[in-house]
Structure formats: C-alpha cells, structure tokens
**Q** 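First the structure, then my questions, so here it is.
Below, all heavy atoms of this structure are taken into account, side chains as well, without hydrogens, waters or symmetry copies.
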Amino acid sequence: MLRLRLRHVVNASNPDTEKKLAAEAAAALLEEGMAVGLGTGSTVAHLLPAIAARGLIGIRCVATSVATESQARELGIPVEAFDSLERLDMAIDGADQVSRDRWLVKGGGGAHTREKIVAASAERFVVIADSSKAVDRIEPPIPLELHAFGLGSTLVRIGSEVGEVSTRPDTPPSPDGGVIADYRGAVGDPEALAAALAGVPGVVDHGVFPAAMVTDVLIGRGDSVDRA
C-alpha cells in the first residue's frame, strides 16, 4: 500500500478533511483531453473544486446526477450527455463502504445505477473515501433501485427469495425515476448476493460493486492518503 503525504493546516482527523485529501489525490491523476465520469456524493463535492483548480484543457465530463452536473457547471467544468461518449478514460466516485478486498457498497444518494454504468464504461475507476468508509467486509444496508411498476410484488419477491428489504421513507426517486430501497438481510458472499438481487425482476440495480471493477482506492487517513 502506497501512502501519499498531503499535509493540510486544518484538523487532519476530521472526516471532511480526509474526503478532501482523497479527492485532491484523485484530481491529480487527471490529464488534459481525458473523458471523465463524475460520481455523486459528499466526497465528489470536494473533487469538483479540485478538478476545476487544475484548469485542464480539453477534458470531457459526464455526471451521474443532476447535483453533480450543476456543481460542475458552476465551477466551469464541461459536462455533456453520456450518449456522446462511448468510453471514458477515468471515472471517479465515492463509496459508502470499501472492503479490504475492494468490494464496494454505493447508493446512499440513490444514484448507484448511473454510477455503476459510468464506472463500467471507464478504463480506470478510482474510488475516493474517508477512513470511516473502510470496512473488513461489506454489510447491510445495500441500496437498491426498483421499478415503480409492480413495486409491491417486487418487494415481496426480494423478501422471500433473498432477504429483508424496505423502501426509504421520504426519499426522492433516483435520477431516472426509480424507487430507492435498502436490502437489510445477510450479505455473506457478496458475489452471490449481487447475483441474487440482480436476478429478481423489478430490480433495476443494486449497490454492490465488484472488486474487479475497481482500479484504484484512495482513502484519506489523518493527514495522508492511502492508495490501495
């Protein structure tokens, strides 16, 4: 594991500071002319100013949420429709959980379907997080995006075939109108769980991201960044 020393004068034990350190380390990986996927969430909120500060020429960006797109445009970062790009050089996003073997849980903000599409389209997927997101093994809750059509039937099927599930109260729909829910049953083998959830009709996608999708993990710890 390579530890990058990026010192700040602010309190380095603060999770927000760790997010900023990880985001700045990720922004430093970008090069001019790259096609870049921008994730969603509080860590990405630190990434966007770091990208803007670099003043890179010719980068082309796609965003996984309206919030990310709006913040990026306000900072002068070019954002375009994803259908204008077939492949991305790099995608950068946060995570709710990052296990030792690089399995991820994403979707706290309900954009995990778009985030997974963008990550899968990138030559390099860089995950940024503060140290509180590092876990030994991923655990529930696992975010889900469900079709609104037949929602009650889908929930019953997940509950009987996979495990406990519930919709999030007072939560807006996904960027594409899906219903956000959380699987709260046992995880066990994450690959088996991912397959079981994906196999239920009515599930648009789940928040389990496979380790094989991840290229780099940058975790802010104290006043430095661990690169795994």
**Q** Please confirm whether the backbone N or O of G207 pairs with a side-chain atom of K116, one donor and one acceptor, at under 3.5 Å?
**A** no

**Q** Measuring from atom CG of L29 to atom CZ of R227, what distance do you get when rounded to the nearest 0.5 angstrom?
**A**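 The CZ atom of R227 is 5.5 Å from CG of L29, to the nearest 0.5 Å.
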
**Q** Is a donor on one side and an acceptor on the other found under 3.5 Å between the side chain of S84 and the backbone of A81?
**A** yes

**Q** When rounded to the nearest 0.5 angstrom, what distance separates NZ in K20 from OG1 in T17?
**A**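 Between atom NZ of K20 and atom OG1 of T17 there are 7.5 Å.
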
**Q** What I'd like to find out is whether the side chain of F82 reaches to under 4.5 Å of the side chain of R114, using heavy atoms alone.
**A** no

**Q** Does a side-chain heavy-atom distance below 4.5 Å link V165 with V162?
**A**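 No, every pair of side-chain atoms sits at 4.5 Å or beyond.
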
**Q** Evaluate the side-chain proximity of L104 to F125: yes if any heavy-atom separation is below 4.5 Å, no if none is.
**A** yes

**Q** How many angstroms lie between CD1 in I128 and CG in D93, if you round to the nearest 0.5 Å?
**A** 7.5 Å

**Q** Report yes if the side chains of M90 and V126 come closer than 4.5 Å at any heavy-atom pair, otherwise no.
**A**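 With C-beta onward as the side chain, the pair touches.
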
**Q** Is a donor on one side and an acceptor on the other found under 3.5 Å between the side chain of S70 and the backbone of A67?
**A**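 No, the answer is negative, given that no donor and acceptor are paired below the 3.5 Å cut-off.
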
**Q** Within the 4.5 Å heavy-atom criterion, are D182 and P140 side-chain neighbours or not?
**A** no

**Q** Report yes if the side chains of V214 and V98 come closer than 4.5 Å at any heavy-atom pair, otherwise no.
**A** no

**Q** Rounded to the nearest 0.5 Å, what separates atom CG in D170 from atom CZ in R168?
**A**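 These two atoms lie 12.5 Å from each other.
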
**Q** Sub-3.5 Å donor-acceptor pair from the side chain of H206 to the main-chain atoms of V208, do we have one?
**A** yes

**Q** For W103, run the side-chain contact (heavy atoms from CB on, under 4.5 Å) check against V135, L193, I138 and tell me which one passes.
**A** I138

**Q** Side chains of L155 and L146, heavy atoms from C-beta outward: is any pair under 4.5 Å?
**A**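 Touching, per the 4.5 Å side-chain cut-off.
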
**Q** Would you say V204 ends up clustered with V200 if hydrophobic residues are merged whenever their side chains have heavy atoms under 4.5 Å apart, either directly or through other cluster members?
**A** no

**Q** Donor-acceptor check, side chain of R137 to backbone of G188, threshold 3.5 angstrom: yes or no?
**A** yes

**Q** Examine distances only and state if a side-chain atom of T171 and a backbone atom of P169 form a donor-acceptor pair shorter than 3.5 Å.
**A**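 Yes; judged by distance alone, with no hydrogens or angles, the pair exists.
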
**Q** Distance-only, no hydrogens or angles: does the E18 side chain make a donor-acceptor pair with backbone N or O of S131 under 3.5 Å?
**A**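 The answer is yes, because a donor-acceptor pair under 3.5 Å joins these two groups.
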
**Q** State whether a side-chain donor-acceptor pair under 3.5 Å links D176 with S174.
**A**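 Judged by distance alone, the side chains do not pair up.
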
**Q** Does any part of the side chain of L85, heavy atoms only, come nearer than 4.5 Å to the side chain of E80, both counted from C-beta?
**A**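 Yes, at least one pair of side-chain atoms sits under 4.5 Å.
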
**Q** Check whether any side-chain N or O of E145 sits under 3.5 Å from a backbone N or O of H112 as a donor-acceptor pair, and report yes or no.
**A** no

**Q** Output yes when a side-chain donor or acceptor of R73 lies under 3.5 Å from a complementary backbone atom of V79, and no otherwise.
**A** yes

**Q** Okay, side chain of T43, backbone of K19: is any donor-acceptor separation there less than 3.5 Å?
**A**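 Side chain of T43 to backbone of K19, a donor-acceptor pair under 3.5 Å: no, none is there.
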
**Q** From E115 CD over to S65 OG, what is the distance, rounded to the nearest 0.5 angstrom?
**A**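 Result: 7.5 Å between the selected atoms.
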
**Q** Working to the nearest 0.5 angstrom, can you tell me the gap between I77 CD1 and I59 CD1?
**A**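 With rounding to 0.5 Å, CD1 (I77) is 6.0 Å from CD1 (I59).
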
**Q** Quick check: are there more than 12 heavy atoms from other residues, nucleotides or ligands sitting under 6.0 Å from CD of E86?
**A**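 Atom CD in E86 is not packed in, count stays at 12 or less.
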
**Q** Using the rule side-chain hydrogen bond (donor to acceptor under 3.5 Å, both in side chains), only one of T215, D89, D216 pairs with R124; which is it?
**A**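 The residue from T215, D89, D216 that satisfies side-chain hydrogen bond (donor to acceptor under 3.5 Å, both in side chains) with R124 turns out to be D216.
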
